[in-house]
Amino acid sequence: MTIVGGFLHFREACAPVLHMDILLLDLVIVLAAARLFGAVARRLGQPPVVGEILAGILLGPTLLGPLLGDTLFGAEMKPPLQALANVGLVLFMFVVGLELDQKLVRGKGRIAVTVALGSTVVPFVLGCVLALFIAGEHVGGDKTLPFVLFMGAAMAATAFPVLARILTDRGMQRITLGGLSLAAAAVIDVLAWTVLAVVVAVAGAGDAEGQWKVFLALPYALVMFLVVRPLLARLVPAYERAGRLTPGLLSLVLTGLIASAWVTEWMHVHFIFGAFLFGAVMPREGAERLTHEILERLEQLAVLLLLPMFFVVAGLNVNLRVLDLSSLGTLAAILAVAIGGKLLGSYAGARIQRVPARQSWALAVLLNTRGLTEIVILTVGLQKGVLDNELYSLMVVMALVTTGMTGPLLRRIYPDRRVARDIAEAERAALGTTAAHRVLVVVPGPPAGQGPLVDLAATLARAATPSEVALVHLRPYPQGRLEVGTGLSSELAEMAETLHELEVLADTARAQGSQARVVSRFAGDVAAELPEVIAGAEPDLLVLPADVPGHAALHAAATCRVVTVLAPEQPEAADFGTGPVAVRHGSDAATHVALIIATVRERPLVITGGGRASSLAQRLARLGVEATAGEAPAGALVVAPGDGTVPPGAHLLVRAEQDADPVDWAAAVAALRVPHQAPVSPS
């Protein structure tokens, strides 16, 4: 007992004193300051990260000074705070890797890569040149090479998460400029993390142990993609069987994440790359709901505690009191290289690809955003000893300036009225103006299962030549938008996939000889925004599923003919049947729609409704249509007038256009027999 007691006494005497009361008080102060300053920044039109970093700077020695600052955030308090911040950084980098998706660059690859190269190479080279001039003042001889490379990488970074938030706040993700900037930023992200990995490897190989461990990084990456990725794919069926994200599944993900971070830290390549890599190898196909639930769980811990802790601790390491006139000169040089390199490099890359001048400058301003990504890079540099405290402080100021200037400068170069005009022009261009007969179909939910709906619209479009089918798909913003990472990057990637699925549907309409165009975007209120889109398209025929949001208002407000598609009672009726077409005669519009479907699909037409039905059937038969009068046969596609009631067995309800003229049946039949024009690709 004496030996044990002596050992415990010795351990207590040697261990640093951790005052839990001060640590808990620090947590209260940090959380309150982060939320307060983040909210103020958001009210001023700035990303919350700007306020959180500024809160850290104000809580640090810059404002509080050594007396109060050392009491609250002294040497014994920083290690536990830094440990919590590092856990937040692990979670954040996992989210960055999880949200990395090649769908964002689909269709924009050539322009995006050119812009990204200009936006990366020019500031990287200028940063390296600047580093050579100031290296003697900030690093020793053995750190010169990693310092030079690190400064280049720090100058070239772009904050994809902050950029995505700026775009979505202004609605610019709906226009070409927004999509191009997101695609270029995604490429820059990959380039920046690759360069940083090289820099960290060089900086961490200073001793014999580190030299051989660094060479394990590439084999480890191969193992993650070739072995771990297929194993993680098994999470999807396990999640589907459980119907939710169970504690066991989440524990498995977190265990793998932390283990991957530990492996790369052991290799002297920094733990952020292990976390990023684990996020990149998470399953993508069919894992949308799983990914969303993981982000929801992480948000509760990361956003409210750990991420604000990371940014505030980053600010605590900034001490602007020690700066002098020479430091101000260095800061001016850093700002000139960071801002000038980004703007000129991005602008030149965009102009090479013939992007108009105004859009090129707006693109350059957007890619000058640094924010989250820059702070992560600078923190790594400080931890690895590549940056000293003075230069770290100056680079944090640069990150704040370049992030804060983006919003105001963008509004001056590309004002809100210009964004609104571009949104309208993009929708008009997507719908086109060349077709004489336009059928607009509202595609609900996931487009993948809406082939029969689009096929019906393409069939109805053949009532006139030339014709066009326009597919409109509005996707609601996610409920309770996530704050982890971009909060929207995964939704943007899903929208890119949705556009691809809509284009596949559009091809079915083109195969029938119509032009086909697609409009797809996010909507704050689908029911409220659909009428605006439909009114701007000025369709001749509107095809609406009965369960589309705001159907009653759309049906009442439309001035054109409206076809309401009811949900089939039998699964085999999803393609609107293969038998006869029956119409409950009561309006020319309903009968005309039935005639189009029967003629184009070469099916018999049955008209029900007494004497007038028999007379019309005989008239159509004389025109060469296979038409008879009688009761609707079993298995028929039933068309009825859309007069406010739904007859039993009806599949389609047709409401006539306002001030409708009687149908000229002879002309209608003749139009259906005219060979349809060859498919035309949208310009």
Side-chain angles (χ1 to χ4, degrees), residues 437 439 441 451-465 467 469 508-509 511-514 540-544 561-566 568-570 572-643 646-657 660 662-676:
H437 184 72
V439 176
V441 54
L453 182 68
V454 177
D455 187 54
L456 172 68
T459 299
L460 297 176
R462 298 180 67 172
T465 300
S467 63
V469 176
T508 65
Q512 296 193 40
S514 297
D540 300 290
L541 175 66
L542 178 61
V543 179
L544 289 177
R561 182 180 293 180
V562 181
V563 175
T564 298
V565 182
L566 302 176
E569 297 178 1
Q570 303 295 331
E572 57 270 20
D575 62 348
F576 308 109
T578 56
V581 178
V583 56
R584 300 178 186 274
H585 186 50
S587 76
D588 282 0
T591 307
H592 188 206
V593 166
L595 173 66
I596 296 169
I597 298 173
T599 303
V600 171
R601 298 189 177 184
E602 300 181 345
R603 301 181 187 178
L605 175 65
V606 180
I607 306 176
T608 66
R612 292 185 63 236
S614 178
S615 174
L616 180 58
Q618 293 174 7
R619 181 179 180 184
L620 292 176
R622 289 193 296 269
L623 293 171
V625 178
E626 187 181 353
T628 58
E631 294 298 320
L637 169 66
V638 180
V639 183
D643 54 5
V646 181
H651 299 99
L652 304 177
L653 301 178
V654 182
R655 197 215 70 183
E657 59 272 25
V663 175
D664 184 341
W665 298 109
V669 173
L672 292 171
R673 290 175 176 166
V674 173
H676 213 64

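The figures that follow rest on heavy atoms only: side chains count, while hydrogens, waters and symmetry mates do not. Not measured: the values here are computed from a predicted model. Here, residue 1 is the first one in the sequence, and each next residue gets the next number.
Counting all heavy atoms, side chain and backbone alike, Ala627 lies closest to Leu620 at CB-CB, 4.0 Å. Ala457 and Val469 get closest at one heavy-atom pair: O-CG2, 4.0 Å. Closest of all the heavy-atom pairs between Leu672 and Ala463 is CD2-CA, 3.9 Å. Taking each heavy atom of Trp665 and His592 in turn, the nearest pair found is CH2-N, 3.7 Å. Of all the heavy atoms in Val606 and Gly630, the pair that sits closest is CG1-O, 3.9 Å. Between Ala629 and Ala617, the shortest heavy-atom distance links the atoms N-CB, 3.8 Å.
His651 places no side-chain N or O within donor-acceptor distance of the main-chain N or O of Leu637, the cut-off being under 3.5 Å.
Within the 4.5 Å cutoff, the side chain of Leu544 has no heavy atoms near those of the Val563 side chain. Using a 4.5 Å heavy-atom threshold, the side chains of Val654 and Val562 count as separate. Annotation: side chain of Leu542 is not in contact with side chain of Val439 (no heavy-atom distance under 4.5 Å). Ile607 places a side-chain heavy atom less than 4.5 Å from the side chain of Val583. For the pair Leu605 and Thr599, the minimum side-chain heavy-atom distance is 4.5 Å or more. Considering only heavy atoms from C-beta on, Thr591 stays 4.5 Å or farther from Val663 through its side chain. Side chains of Glu626 and Pro604 form a contact here, defined as non-hydrogen atoms less than 4.5 Å apart. When side chains are defined from C-beta on, Gln618 counts as touching Ser614, because their heavy atoms get closer than 4.5 Å.
If you take OG on Ser514 and CZ on Arg462, they are separated by 7.5 Å, rounding to the nearest 0.5 Å.
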ask   = Where do Leu456 and Ile597 land on the side chain to side chain contact (heavy atoms under 4.5 Å, CB included) test, with the steps shown first?
value = CA-CA 8 Å; Leu456 172 68; Ile597 298 173; 3.7 Å; yes

request  = Carefully, step by step, assess Asp455 and Arg601 under the rule side chain to side chain contact (heavy atoms under 4.5 Å, CB included).
outcome  = CA-CA 11 Å; Asp455 187 54; Arg601 298 189 177 184; 3.0 Å; yes

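Residues satisfying the salt bridge (Lys or Arg N to Asp or Glu O under 4.0 Å) criterion with Arg561, sequence neighbours excluded, are Glu657. Here Thr564 pairs with His551 under the side-chain hydrogen bond (donor to acceptor under 3.5 Å, both in side chains) rule; sequence neighbours left out.
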